[in-house]
Amino acid sequence: MILVTGGNGFVGTAVLAAIAERGQPARAAVRRAPCFPGSHTEYALGLDLASDTDWTKALTGIHTLIHTAARVHVMRDSGPDTIAEYRRTNVDGTLRIARQAADSGVRRFVFISSIKVNGERTTAGRPFRASDVPAPIDPYGTSKHEAESALREVAAETGLEVVVIRPVLVYGPGVKANFASMMQWLTRGLPLPLGAIHNTRSLVALENLVDLILTCVDHPAAAGETFLISDGEDLSTTELLRRLSCALGVSPWLLPVPEAFLKFGARVAGRRDMGRRLFESLQVDIAHTTHVLGWTPPVSVDQGLRITAESFLRRERNR
């Protein structure tokens, strides 16, 4: 049986659905009961990702653990105790469940990390690779890097097979935050000053991430590896908006405002994080992933955008 932490989350919910489609037994570790429980999924309730949580019952009969639960990155999340809060959940909590998993006889631990372990931006022709020296900048990325290191220590001590996956920005049905905002802007026909952005960013469709996660559950070559993942096609912000508009069935109103003006405006408005995502590049090289696993993304960028757009439009009609 497979245990999925964060079973109510964006990624965890999709992983559980895919496991059920394959007819495999799964258990979801969640803090509270789901609104729409899966008919083929067991639920272990009331579990927090904390350093004192007892995972014994949830781990009974488990051969693989997919760890999607985390304290997630939030825009403008800062303060003197921010890094400590991330470490309590993402490092201490992860280490707690990993050690108990090893003690319970779990064979493999698939850890969903973040591309933020590599850094925040790339330069032209130099995408991030799995072999790069980690260079996290913010508390979230730092905590994920420290969690990876802690898991490797557990693996060395116990023989637990650890697999690390570092996704880029994930989009798909139910996506929130900036990606959902872009779809709202486009469907409302708002003029956007983003018609001349020449950056290059890697994205990953939720369907592709889930497929890689399940590939790593039992692929013999996955143990001990770190994998970067994307859709395999990179887009500028302008091209993303155009192709997302096509998926939504609307015509975008993109104004070709020079990037320099937009970057200055983002700095003045105190929105550096949003500006980084809109104007800077972040590319990943997935050659290692495809070579080691013989894996290719099953869903193209346009297919992923269409699936995401259709889900968004259904929700909007039902409001």
- Taking the side chain as C-beta and beyond, is there a heavy-atom pair between L262 and P193 under 4.5 Å? yes
- Item | Worked check of side chain to side chain contact (heavy atoms under 4.5 Å, CB included) between M183 and E316 | CA-CA 11 Å; M183 290 190 284; E316 291 295 299; over 6 Å; no
- Min side-chain heavy-atom separation E120-L282 under 4.5 Å: no
- Message: Using modelled atom types and a 3.5 Å cut-off, is there a donor and acceptor pairing between side-chain atoms of T200 and backbone atoms of S281?
- Response: no
- Short side-chain donor-acceptor distance under 3.5 Å, N199 and T237: yes
- Do D54 and Q100 pass the side chain to side chain contact (heavy atoms under 4.5 Å, CB included) test, and can you show the C-alpha distance, the side-chain angles, and the key distance before you say yes or no? CA-CA 8 Å; D54 185 356; Q100 291 192 29; 3.7 Å; yes
- R99 vs E157 side-chain heavy atoms within contact, under 4.5 Å: yes
- Message: Using modelled atom types and a 3.5 Å cut-off, is there a donor and acceptor pairing between side-chain atoms of K116 and backbone atoms of R166?
- Response: no
- Correct closest heavy-atom pair for P191 and L255 would be CB-CD1, 4.2 Å
- Is there a side-chain contact between T94 and F109, using heavy atoms and a 4.5 Å cut-off? yes
- Scan R121, K263, R201 and name whichever one has a side chain to side chain donor-acceptor pair (under 3.5 Å) with E280. R121
- Message: Between V292 and V163, is there shared hydrophobic-cluster membership here, with clusters defined by ILVMFWY side-chain heavy atoms closer than 4.5 Å?
- Response: yes
- Sub-3.5 Å donor-acceptor pair from the side chain of R108 to the main-chain atoms of C216, do we have one? yes
- Can you tell me if S311 and R315 form a side-chain donor-acceptor pair at under 3.5 Å? yes
- Thinking salt bridges, do E148 and R152 make one under a 4.0 Å N-O criterion? yes
- Donor-acceptor pair, side chain of N90 and main chain of A70, under 3.5 angstrom: no
- Message: With a sphere of 6.0 Å drawn around CH2 of W253, does it hold more than 12 non-hydrogen atoms of other residues, nucleotides or ligands?
- Response: no
- Above 12 or not: heavy atoms from other molecules or residues under 6.0 Å from CZ of R126? no
- Going through the checks in order, is the side chain to side chain contact (heavy atoms under 4.5 Å, CB included) test met by V154 and L95? CA-CA 8 Å; V154 173; L95 186 58; 3.4 Å; yes
- Do you reckon L169 sits in the same ILVMFWY cluster as V117, going by side-chain contacts under 4.5 Å, direct or chained? no
- Query: Do S131 and H288 meet the criterion of a side-chain donor-acceptor pair at a distance under 3.5 Å?
  - Reply: no
- Query: Would I307 end up clustered with V210 when hydrophobic side chains under 4.5 Å apart are linked, directly or stepwise?
  - Reply: no
- Query: Can you tell me how far CD of Q283 sits from CZ of F128, rounded to the nearest 0.5 angstrom?
  - Reply: 10.0 Å
- Heavy-atom closest contact (L209 atom, P167 atom, distance): CD1-CG, 4.0 Å
- Query: Could you go step by step and tell me if H67 and T5 meet the side-chain hydrogen bond (donor to acceptor under 3.5 Å, both in side chains) rule?
  - Reply: CA-CA 5 Å; H67 189 42; T5 67; 2.7 Å; yes
- pair M182-L240: side-chain heavy atoms closer than 4.5 Å: yes
- Task: Measure the CG-CG distance between D302 and L235 for me, rounded to the nearest 0.5 Å.
- Result: 8.0 Å
- Item | Residue pair L293 / A222: nearest heavy atoms and the distance that separates them | CD2-CB, 4.0 Å
- ILVMFWY network linking F279 to I137, side-chain heavy atoms under 4.5 angstrom: no
- Item | Pairwise distance CG(L3) to CG(L65) - rounded to 0.5 angstrom | 4.5 Å
- Task: Check for a donor-acceptor pair, side chain of R27 on one end and backbone N or O of A58 on the other, with a separation under 3.5 Å.
- Result: yes
- Note on the structure: When every non-hydrogen atom of L16 is compared with those of A26, the smallest separation belongs to CD2-CB, 4.0 Å
- Query: Is there a side-chain contact between I197 and L278, using heavy atoms and a 4.5 Å cut-off?
  - Reply: no
- Item | Short side-chain to backbone donor-acceptor contact, S143 and Y140, under 3.5 Å | yes
- Query: Quick one: CD1 on I2 to CG on L214, what's the gap to the nearest 0.5 Å?
  - Reply: 6.5 Å
- Item | Y86 side chain to V72 backbone, donor-acceptor under 3.5 Å | yes
- Task: Specify the closest pair of heavy atoms between A309 and L248, including all atoms of both residues, with the distance to one decimal.
- Result: CB-CD2, 3.5 Å
- Would you say the side-chain atoms of N208 pair up with the backbone N or O of V299, donor to acceptor, closer than 3.5 Å? yes
- Can you tell me how far CD1 of I286 sits from OG1 of T296, rounded to the nearest 0.5 angstrom? 8.5 Å
- Side-chain contact test, heavy atoms from C-beta onward, threshold under 4.5 Å: evaluate it for T187 versus L313 and give yes or no. yes
- Task: In sequence, state the C-alpha distance, the side-chain angles, and the governing distance for Y171 and L305, and then conclude on side chain to side chain contact (heavy atoms under 4.5 Å, CB included).
- Result: CA-CA 8 Å; Y171 66 95; L305 292 176; 3.8 Å; yes
- Query: Is the backbone of A205 close enough, under 3.5 Å, to the side chain of D231 for a donor and an acceptor to pair up by distance?
  - Reply: yes
- For V168 against V204, the heavy-atom pair lying closest together: CG2-N, 3.7 Å
- Co-membership, hydrophobic cluster, residues V91 and I115, 4.5 Å side-chain: no
- Within-4.5 Å side-chain heavy-atom neighbours: L203 and V301: no
- Kindly say whether L49 contributes a backbone atom to a donor-acceptor pair with the side chain of T53 at under 3.5 angstrom? no
- Item | Interatomic spacing from CG in D48 to OG1 in T89 - rounded to 0.5 Å | 8.5 Å
- Query: Judged by modelled atom types alone, do S300 and Q303 share a side-chain donor-acceptor pair under 3.5 Å?
  - Reply: yes
